[in-house]
Amino acid sequence: MNRKGIFVGSFDPFTIGHADILSRALPLFDTIVIGVGVNERKQYMQSAEERSRKIKEIYKDEPRIEVQTYGDLTVDFAHRVGANFIIKGARTIKDFEYEREQAVINRRIGNIETLLLYADPQYDSISSSMVRELIHFGKDIKEFLP
């Protein structure tokens, strides 16, 4: 049995918090597909291709990690790539509630389970939004990126 999961998000940009969740989930799966989300209702700092390229570069030496973009429902993406699990991270109670609601719907409409990993406390204040804000004001963000 091939244990395949998807780790999905906009990853605009992919932070050390994302990398931490992925590294902790990797021992549980044979393959993880990182799904770089495209949502026409969102405005991105980087194109999906650029976000994907950067993540591929980070994991170029890890054969168990694949990177793809997607713009449909997460459960449809999971089915398309043959995944049985969605991997998500939660930093706060607000994240937990949102992810819990999503997990219930994804299981109901797609028979897909969600694995929720809690953020390591050293990363729980790091978000893509925070990093984009620092970029906007010209601050050095190297310490927040893998």
Listing request: all salt bridge (Lys or Arg N to Asp or Glu O under 4.0 Å) pairs with a residue in residues 80-95, at least two apart in sequence or in separate chains. Asp72-Arg80, Lys88-Glu99, Arg91-Asp95

Testing Ile32, Ile55, Ile87 one by one against Leu22 for a side chain to side chain contact (heavy atoms under 4.5 Å, CB included), which residue passes? Ile32

Contact check, side chains of Arg53 and Lys56, non-hydrogen atoms, under 4.5 Å: no

Between Pro146 and Ile58, the two heavy atoms sitting closest are CG-CD1, 3.6 Å

Ignoring hydrogens, what is the shortest heavy-atom contact between Gly35 and Phe11? Give both atom names and the distance. O-CE1, 3.5 Å

State plainly whether one hydrophobic cluster holds both Leu134 and Tyr123, where clusters connect Ile, Leu, Val, Met, Phe, Trp and Tyr through side-chain heavy atoms under 4.5 angstrom apart. yes

Do Leu145 and Ile141 come close enough that some side-chain heavy atom pair is under 4.5 Å? yes

To the nearest 0.5 Å, how far apart are CG in Leu116 and CZ in Arg100? 11.0 Å

Minimal heavy-atom distance between Arg64 and Phe29, with the atoms involved, is NH1-O, 3.6 Å

Can you tell if the side chain of Ile34 reaches within under 4.5 Å of the side chain of Tyr59, non-hydrogen atoms only? yes

I'd like to know whether Thr31 forms a side-chain contact (heavy atoms from CB on, under 4.5 Å) with Glu66, so could you lay out the CA-CA distance, the side-chain angles of the two residues, the decisive distance to 0.1 Å, and finally the verdict. CA-CA 8 Å; Thr31 306; Glu66 302 169 14; 3.6 Å; yes

Rounded to the nearest 0.5 Å, how far does CD1 of Ile112 lie from CG of Leu73? 11.5 Å

Residues passing the side-chain hydrogen bond (donor to acceptor under 3.5 Å, both in side chains) test with Asn106, sequence neighbours excluded, are none

At their closest point, which heavy atom of Ile126 faces which heavy atom of Val131, and how far apart are they? CG2-CG2, 4.5 Å

ILVMFWY cluster, Tyr98 and Met130 together (side-chain gap under 4.5 Å): no

In this structure, OH of Tyr44 is separated from CG of Asn39 (nearest 0.5 Å) by 5.0 Å

Begin with the C-alpha distance, continue with both residues' side-chain angles, and end with the deciding distance and a verdict on side-chain contact (heavy atoms from CB on, under 4.5 Å) for Val36 and Phe14. CA-CA 10 Å; Val36 178; Phe14 189 84; over 6 Å; no

Once rounded to the nearest 0.5 Å, what's the spacing between atom CD1 of Ile21 and atom CZ of Phe7? 6.0 Å

Any chain of hydrophobic side-chain contacts (each under 4.5 Å) joining Leu26 to Leu117? yes

Answer yes or no: is there an ion pair linking Lys54 with Glu57, defined by an N-O contact shorter than 4.0 Å? no

If we ignore hydrogens and angles and just use 3.5 Å, is the side chain of His79 paired with the main-chain N or O of Gly110 as donor and acceptor? yes

In terms of the angle between their ring planes, are Tyr70 and Phe77 parallel, tilted or perpendicular, with boundaries placed at 30° and 60°? parallel

Spatial distance of atom OG (Ser127) from atom CD (Glu133) [nearest 0.5 Å]: 9.5 Å

Listed partners of Arg132 passing side-chain contact (heavy atoms from CB on, under 4.5 Å), at least two apart: Asp12, Pro13, Met45, Ser128, Ser129

Could you check whether any side-chain heavy atom of Gln102 comes within less than 4.5 Å of a side-chain heavy atom of Thr114, counting everything from C-beta outward? no

Search all heavy atoms of Ile6 against all heavy atoms of Ala78 and return the closest pair with its distance. CD1-CB, 3.6 Å

Roughly how far, to the nearest 0.5 Å, is CD of Glu113 from CZ of Phe85? 7.0 Å

Mind checking whether Val104 and Val8 sit in one hydrophobic cluster, side chains of I, L, V, M, F, W, Y counted as touching below 4.5 Å? no

I'd like to know if the side chain of Arg3 and the backbone of Asn84 have a donor-acceptor N/O pair within less than 3.5 Å. no

